[in-house]
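Here the structure comes first, spelled out in C-alpha cells, and everything after it is commentary.
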Amino acid sequence: MSDLTSPFPLLLPDSLSAAQKELYDTLTAGPRANGPFTIRHDDGTLAGPFNALLFAPRIGDAVQALGAALRFGGGLTDRTRELVICAVAAALNSEYEWYAHSRVALKAGVTDEELDRIAAGEIPASASDPEKAALALTRELLAENGITERTHSAARQHLGLDGMTEVSILTGYYRTLAGLLTVAGAGAPADNASHQPITEDQGRNP
C-alpha cells in the first residue's frame, strides 16, 4: 500500500506542459509572488498548495483566481481577512497556511498575542466587533453544526450581507486549500523558523 503522507513530486519549470506553464506563470506573477512567504523554491518549483494545483491546471487556474479575488479584491479589511484565514489554519492544523498567513497577518497589523489566541482556538479580546463577528462565524462554519441566531445576528450587524458572504467563501476556500495541502503532503518550507509554527496542541479540529 502506498504511503499517503508522501508529498506530490515537485514539478520543475522545464517539465511543465503548456497548460501547467501558463498556470505557473500566473501563480508566480503579481502581488501573490511578492508577499512575506515562500511560494517558489530556489530551483523554481512551487511551495505549498501551488505545486499541487499544477497537476490539474484547468481547475488549478479557477482555484487561484478565486484566491486572488479573496486576497486582493475583497471588501473585508486586511486584518479581518487574515484573522479568518489564520483561524481556519489553526482549526485544521494546516502548517503551510499558518506559516504563510501568520506572516501576512503581522504585516496587516495583527499582533503576536492575537495570533497566539487564534492558535489556541480563541477569539482575541482585542479584536474589533466586526473581527469578532467574522471569527465567530468562521468558527461555526468549521464546526458544521449550523449557525446560531446570535452569531448570525452579530455578523449581519457588523459585516453586512456582503461581508457575511465573503467570510463564508473565505472560510470555505482556505478549508479547501488545507485539504489539498494534506493530500499533497505539503508542509511549511525551511524559512518557517522565523515564526513559531502551529502544533497539534495549538490547533483545534472543527
Side-chain angles (χ1 to χ4, degrees), residues 31-40 47-50 66-144 151 154-155 158-159 163-164 166-182 184-206:
R32 181 188 279 122
N34 298 316
F37 59 89
T38 297
I39 72 164
R40 180 166 47 182
F50 305 109
L66 176 57
L70 287 167
R71 281 197 62 198
F72 308 116
L76 298 174
T77 67
D78 289 348
R79 268 184 54 96
T80 300
R81 182 190 66 245
E82 296 306 321
L83 284 168
V84 167
I85 297 171
C86 287
V88 175
L92 302 180
N93 202 27
S94 182
E95 185 184 71
Y96 183 89
E97 281 185 359
W98 182 264
Y99 149 77
H101 285 278
S102 63
R103 284 158 172 71
V104 180
L106 290 170
K107 291 182 73 69
V110 177
T111 67
D112 284 306
E113 183 177 355
E114 287 172 327
L115 284 176
D116 288 343
R117 300 282 68 76
I118 292 292
E122 302 170 7
I123 295 177
S126 55
S128 68
D129 286 341
E131 291 164 354
K132 289 176 180 175
L135 288 167
L137 181 58
T138 297
R139 173 186 286 176
E140 293 189 7
L141 286 167
L142 290 170
E144 295 185 337
T151 295
H158 294 294
L159 300 171
M164 292 174 71
E166 190 171 338
V167 168
S168 299
I169 295 172
L170 187 67
T171 300
Y173 176 80
Y174 280 93
R175 186 170 195 164
T176 296
L177 285 194
L180 180 61
L181 285 159
T182 298
D191 67 346
N192 192 29
S194 63
H195 192 80
Q196 184 176 352
I198 193 168
T199 68
E200 288 185 6
D201 289 338
Q202 290 171 308
R204 292 291 184 271
N205 291 323

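Since this is a predicted model, take the numbers as computed values, not measurements.
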Heavy atoms only: give me the nearest [X]-[Y] pair and the separation to one decimal.
X      : Y      : value
Trp98  : Cys86  : CZ3-O, 3.5 Å
Ala47  : Thr38  : CB-O, 3.7 Å
Ala154 : Ala133 : O-CB, 3.8 Å
Phe50  : Ile39  : CE1-CG2, 3.6 Å
Ile123 : Ala136 : CD1-N, 3.8 Å
Glu82  : Ala108 : CG-CB, 4.4 Å

Those residues that, when tested against [X], pass side-chain hydrogen bond (donor to acceptor under 3.5 Å, both in side chains) (two or more places apart):
X      : value
Glu113 : none
Glu140 : Thr148, Thr151
Glu97  : none
Arg117 : Glu122

Discussion item. Test side chain to side chain contact (heavy atoms under 4.5 Å, CB included) on Ile118 and Leu135; report intermediate values, then the result.
Written reply: CA-CA 9 Å; Ile118 292 292; Leu135 288 167; 3.9 Å; yes
Rounded to the nearest 0.5 Å, what separates atom [atom1] in [X] from atom [atom2] in [Y]?
X      : Y      : atom1 : atom2 : value
Glu166 : Thr171 : CD    : OG1   : 10.5 Å
Leu106 : Thr111 : CG    : OG1   : 8.0 Å
Thr80  : His158 : OG1   : NE2   : 11.5 Å
Glu131 : Thr77  : CD    : OG1   : 5.5 Å

Item to complete: Taking the side chain as every heavy atom from C-beta outward, state whether Tyr173 and Ile85 have any pair of such atoms under 4.5 Å apart.
Response: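 With C-beta onward as the side chain, the pair stays apart.
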Worksheet item: Under the 3.5 angstrom rule, does the side chain of Lys132 hit a backbone N or O of Pro124 as a donor-acceptor pair?
Response: no
Fill in: Main-chain N/O of Arg32 paired with Arg71 side-chain donor or acceptor, under 3.5 Å
no
Item to complete: Just jot down the side chain to side chain contact (heavy atoms under 4.5 Å, CB included) partners of Thr176, sequence neighbours excluded, or say none.
Response: none
Worksheet item: Between Tyr174 and His101, what is the ring plane arrangement, given parallel below 30°, perpendicular above 60°, and tilted in between?
Response: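 Because their plane-to-plane angle is over 60°, the rings of Tyr174 and His101 count as perpendicular.
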Worksheet item: Can you name the one residue among Leu141, Leu66, Leu70 that meets side-chain contact (heavy atoms from CB on, under 4.5 Å) with Leu170?
Response: Leu70
Item to complete: Quick one: which residue pairs count as a ring-ring contact (aromatic ring centres under 6.0 Å, His included) with a foot in residues 72-97, not counting sequence neighbours?
Response: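 Sorted pair list: Tyr96-Tyr99.
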